[in-house]
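Working notes, beginning with the structure itself.
Every chain is numbered from 1 and lettered A, B, ... according to where its sequence line falls, protein lines coming before strand lines.
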Amino acid sequence: MPELPEVETVVRGLRPRLEGRVLARVEQHCDALRFPLPVDFARRLQGRRILSIKRRAKYILAQLDGNEVLLCHLGMSGRMVVSNGDAGPREKHDHIIFTTETGDQIRFNDARRFGMMDLVEDSRVSEHRLLRDLGPEPLGNEFNGPVLAAALKGRRTPIKAALLDQKVVAGVGNIYACEALYFAGLSPRRQAYSVQGGRAECLAAAIRQVLTRAIAAGGSSLRNYVQADGELGYFQHEWAVYDRFGEACPECDCDRGRGGGIRRLVQSNRSTFYCPKRQR
DNA sequence: CTACCATCCTGGTTGC
DNA sequence: TGCAACCAGGATGGTA
């Protein structure tokens, strides 16, 4: 669910609570999320110190002492719920509960269990099967128009579908793919290979801009999503097209009603929202 | 190689 | 009010 801005927001919320802290107690209440959890998962984490927390694409990476990394993905519905240990009894779908030596508690709650966690030797993190094929970080220096153009070259798939491919660019999901295409003025149906040169430059800039703005807003709070410190992100109020079927696009108010305004279509089984007038 | 589809699982919303 | 159908932020693996 959470896309790059939401995961970045979670990471920033977790850092002050977890960096430098020891996992005094780890409770595991299920055997598998999206994948089976490692053998002895909770026991192996118990007593370990978290040295730092990073994000790569939509993954959270907690560097532990003893040269291991705790790798987490929130899937569609995963949340990290933070408390001072006064959160009360375990709630439905609280699968993993971390308690630090200072008494803070982080609960991984995931109704749909599409999330994942794994424990990996740190020298092998970049070779992990879920990380090794990821494309460039869209907010990193390695991402720009020519890099995006090269990734899209020859690809005979709609540009919307290509943006959801984590090999093209890492961390963009359904919401921000729709938003970036809107700001770049590109139709979600346009063939990916046709996004070259100036169009690729424009799209790369739109991706960076929309992600940056979303992070500044604390991400988008969706139905079941709360950021790590319990505060609600508010970027959902700034969506130009996502989940706004039938509404006027911010730039062409005139088309509202009469079947005009923002349209919805289904691509690769996912909803796409766009303005047919501004996006070609 | 590439592209499309179903699938994992649960819950909230919509419509009859 | 009850219940069924449909929809949802992701990502993989199989098939064509």
Rounding to a whole Å, what distance do you find between [X]:[atom1] and [N]:[atom2]?
X: Leu33(A); N: dC9(B); atom1: CG; atom2: P; value: 12 Å
X: Leu134(A); N: dA11(C); atom1: CG; atom2: C1'; value: 11 Å
X: Arg79(A); N: dC9(B); atom1: CZ; atom2: P; value: 20 Å
X: His95(A); N: dC8(B); atom1: NE2; atom2: C1'; value: 13 Å
X: Leu71(A); N: dG10(C); atom1: CG; atom2: P; value: 17 Å
X: Glu91(A); N: dG11(B); atom1: CD; atom2: P; value: 13 Å
X: Leu152(A); N: dA3(B); atom1: CG; atom2: P; value: 11 Å
X: Arg112(A); N: dT10(B); atom1: CZ; atom2: P; value: 10 Å

Using a cut-off of 4.0 Å on non-hydrogen atoms, how would the nucleic acid contact of [X] be classed: base, sugar-phosphate, or nothing?
X: Leu130(A); answer: sugar-phosphate
X: Arg34(A); answer: base
X: Lys92(A); answer: sugar-phosphate
X: Asn174(A); answer: sugar-phosphate
X: Ser268(A); answer: nothing

Among [options], which nucleotide has an atom closest to any side-chain atom of [X]?
X: Ala111(A); options: dG11(B), dG10(C), dT12(C); result: dG11(B)
X: Arg129(A); options: dG13(C), dA3(B), dG10(C); result: dG13(C)
X: Ser271(A); options: dC4(B), dC7(C), dC9(B); result: dC7(C)

So, is the end of the Arg129(A) side chain (NZ or CZ) under 6.0 Å from the ring centre of Phe35(A) and within 45° of the ring's axis?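 Because its charged atom sits under 6.0 Å from the ring centre and within 45° of the axis, Arg129(A) does stack over Phe35(A).
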Check for me whether Arg278(A) meets the cation-pi criterion with Tyr182(A), that is, NZ or CZ under 6.0 Å from the six-membered ring centre and within 45 degrees of the ring axis.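 Cation-pi check for Arg278(A) and Tyr182(A): passes.
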Only one of Arg189(A), Arg263(A), Arg264(A), Lys160(A) forms a side chain to side chain donor-acceptor pair (under 3.5 Å) with Thr272(A), so which one is it?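 The passing option is Lys160(A).
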May I ask you to decide whether [X] forms a salt bridge with [Y], counting only side-chain N to carboxylate O separations under 4.0 Å?
X: Asp133(A); Y: Lys167(A); result: no
X: Glu27(A); Y: Arg25(A); result: yes
X: Arg55(A); Y: Glu8(A); result: yes
X: Arg48(A); Y: Glu68(A); result: yes

Could you list, one pair per line, each protein nitrogen or oxygen that sits under 3.5 Å from a nitrogen or oxygen of nucleotides 14-16 of chain B, together with the distance?
none

Stem segments of DNA chain B by first residue number [Watson-Crick or G-U, under 3.5 Å, at least 3]: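 Result, WC/G-U stems under 3.5 Å: B:2-8 with C:10-16, B:10-16 with C:2-8.
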Quick one about Ser187(A) and Arg280(A) (side-chain donor to acceptor, distance below 3.5 Å, no hydrogens or angles considered), yes or no?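 Checked: Arg280(A)/Ser187(A) side chains show no N/O donor-acceptor pair below 3.5 Å.
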Would you say the side chains of Glu121(A) and Asn67(A) form a donor-acceptor pair under 3.5 Å?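 Judged by distance alone, the side chains do not pair up.
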Hey, does Thr100(A) have a side-chain heavy atom less than 4.5 Å from the side chain of Val22(A)?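 Not touching, per the 4.5 Å side-chain cut-off.
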Distance test, side-chain N/O of [X] to OP1/OP2 of [N], below 4.0 Å:
X: Lys167(A); N: dA11(C); result: no
X: His93(A); N: dC9(B); result: no
X: Gln166(A); N: dG10(C); result: no
X: Arg270(A); N: dG10(C); result: yes

Rounded to whole angstrom, note down the P distance from dC5(B) over to dC7(C).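 Looking at atom P only, dC5(B) and dC7(C) are 15 Å apart.
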For dA11(C) and dC1(B), measure between their P atoms and round to the nearest Å.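 So the two P atoms sit 23 Å from each other.
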How do Thr157(A) and Asn269(A) order along DNA chain B: which one's closest nucleotide is nearer the 5' end?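 Taking each residue's closest nucleotide, the earlier one in sequence belongs to Thr157(A).
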For residues 82-91 of chain A, which residue pairs pass the salt bridge (charged side-chain N to carboxylate O under 4.0 Å, His left out) check, not counting sequence neighbours?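 Passing the test, one end in residues 82-91 of chain A: no pairs.
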Under the criteria of a ring-centre distance below 5.5 Å and an interplanar angle below 30°, is Phe114(A) stacked with the base of dC9(B)?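 Not stacked by the 5.5 Å and 30° rule.
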